[in-house]
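In what follows, chains are A, B, ... by sequence order, proteins preceding strands, each numbered from 1. Scope of the values below: all heavy atoms of this structure, side chains included, with no hydrogens, waters or symmetry mates.
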Amino acid sequence: MDNKTAFVDVLYDQLKDHLDKSKLNSMIEKPKKESMGDLAFPCFELAKVYRKSPQNIALELTKEMTLPNLFQNVEAVNGYVNVFLNKEEVSSYTIQKALSKKENYGNVNIGNKGVITIDFSSPNIAKPFSMGHLRSTVIGNALARISEKCGYNAIRINHLGDWGTQFGKLIVAYTLWGDEQKVKENPIKELLKLYVRFHEAAEQDEKLNDKGRQWFKKLEDGDERALELWSWFREESLQEFTKIYELLGVNFDSTHGEAFYNDKMDRVIQLLEEKKLLKESDQAKVVEIDDDLPPCLIKKRDGTTLYATRDLAAAIYRQDTYKFVRSLYVVGNEQTLHFKQLFLVLEKMGYKWHKGLKHVAFGMMLKDGKKMSTRKGKVVLLEDVLNDAITLAKNNIVEKNPTLDSKDNVARQVGTGAVIFHDLKNYRLNDIEFSLEDMLRFEGETGPYVQYTHARASSILRKGDYQESNDDVNISDVEAWSIIINLLDFPDAIKRAYEGSDPSQIAKYVLELAKAFNKYYGSVRILDDKEHKQSRLSLVHSVQIVLNEGLRLLGIEAPNEM
RNA sequence: GUCCCAGUAGCUCAGCUGGAUAGAGCAACAGCCUUCUAAGCUGUGGGUCGGGAGUUCGAAUCUCUCCUGGGACGCCA
């Protein structure tokens, strides 16, 4: 069985008078260094009970211990009881497990086929897909895949920002300065220019903002010309976004944006009124939330609705259509308050499913220590960054592997891999200072490093004419042990990533495994020794499988050659 | 002003529910390709874990306080 439970059983034998199994289980830790063993039990807490020094307790425990086959050795060091796993047995068991389960290795069934909706990416129509939206897109995509790996049925929702006063402003700008031909040729960049120009002009002329609001009112009232322009901008934007999603390998089950909920908000307001939750305050309608939070604004003084109203309608709609057990919102850090309010309002409305809602926040993409601003045109376009990355990857390939087929495809995989990995490798709540240089780095702890390791493993399997077999795996290389430990840890890494909604757990995992493999590769000639070749290739194959699967969970492809 | 998040090596960051001499990568320097992909491997140097106090056998980790940076705080999304 599980190594840890086996160790608990051994300890329980001697310590049952003072500690129960679950307590023991929580006390066991992983030693800092591999040389100290595989599992450790600290004896410091027992010092008081036994009135002896931790060192002596460890020594006595060790002396009296009867080890099952799973363990090879036990040592008492500095007040710790350290056990060493039986390397050959564990190695063979782990490799065979990975080989037999293939890409299903590491699956953990937490979800039981329940539905999890994931609201992510959600760019604003008629604005460029900026670096800021990259974060939500790649984090959400990874979480969807991780959730599926954990047995959930993931529904990917792109909650497009396709409604609001901004469209009124854009229509004003277009009617004043727009050129149909230019917009058709290069929709996003032209629309951005118009948007920026509008804000510059509005600083001089306040009346422009009023005009914008008027046009938005027309849009809400169903004015034909306004709707025509709106749906044109929406279509063009969507096409641009699709290009980026294809490049990144991201897809959605629903692209209902905010506009979709226009006719679903009356019901929400009605429900709120029925439950007597709606209060008037400064001529606006709000829901008051106890605690210390400010009230949630539902309706403006002029009777129009807000972001929160639409999000309420969306949450209810999603529960009705998908019957989700969990629902994630992958939206920036700065909206924490909004989601706290939203969830509390839903709780007050009596929806039990509010417990499954979670705001998966992330830090901002900063430029010179500050937030990037679309209004001032200070944006970095994701498409440009991706294209830079792909070009750089291509240059590398031409230089390093000139005979490679399908250079363009591999360049795409490696370039986007670098950008995605750079975003996912650190904890999501950290802010990221935008740095093209960092993002396009292909050496060290990067996506291409992991991809390269995968390609190396694939290459060796090709060169060694690897055939799968059911023969016993027998690994005796000491250098292989850290690979085995990492392979063993894969399911736990997935669990950590899911539970913390934290893709960086997978990124870190995959880096550790790649490092361990490269170290092994540097010290052991895998194909030279006929006797060990098949076992070693089995090890290489397990690594290849797990790297491939780990990268896939992050939304990164793993080329077999690069 | 109130609330939230962060402060670890020159830079970017790990460090799980407190535990053994604080770890990586980048950058710097020194090595390793007639032999499995050098996008790799090996080695060297570099840290008062923002400051102070407390809890504890033990604190980068928990509590308090101060400093610094960022963010949010009703008619935007």
4.5 Å side-chain heavy-atom contact, A:Leu537 and A:Gln467
no
Who does [N] pair with, Watson-Crick or G-U, both distances under 3.5 Å?
N	result
B:C49	none
B:G1	B:C73
B:G7	B:C67
B:C33	none
B:G23	B:C13

Please classify the nucleic acid contact of A:Leu337 as base, sugar-phosphate, or nothing, using heavy-atom distances under 4.0 Å.
sugar-phosphate
Regarding A:Asn82, tell me which of base, sugar-phosphate or nothing describes its non-hydrogen contacts under 4.0 Å with the strands shown.
base
I need the CG-C1' distance between A:Leu429 and B:C13, as an integer number of Å.
15 Å
Rounded distance (Å) that lies between atom P of B:G23 and atom NZ of A:Lys33
6 Å
I want to check one thing: is the phosphate of [N], taken as OP1 and OP2, less than 4.0 Å away from some side-chain N or O of [X]?
X	N	answer
A:Lys400	B:A39	yes
A:Tyr307	B:C75	no
A:Lys30	B:C16	no
A:Lys285	B:G74	no
A:Arg456	B:A38	yes
A:Lys519	B:C41	no

Checking salt bridge (charged side-chain N to carboxylate O under 4.0 Å, His left out) against A:Asp489, which of A:Lys30, A:Lys508, A:Arg496 comes through?
A:Arg496
Can you classify the ring geometry of A:Phe260 versus A:His256 as parallel (below 30°), tilted (30 to 60°) or perpendicular (above 60°)?
parallel
Within 90° of 0 counts as syn, otherwise anti: where does B:C33 fall?
syn
Take a 6.0 Å sphere around NZ of A:Lys217 and say whether it holds more than 12 heavy atoms from other residues, nucleotides or ligands.
no
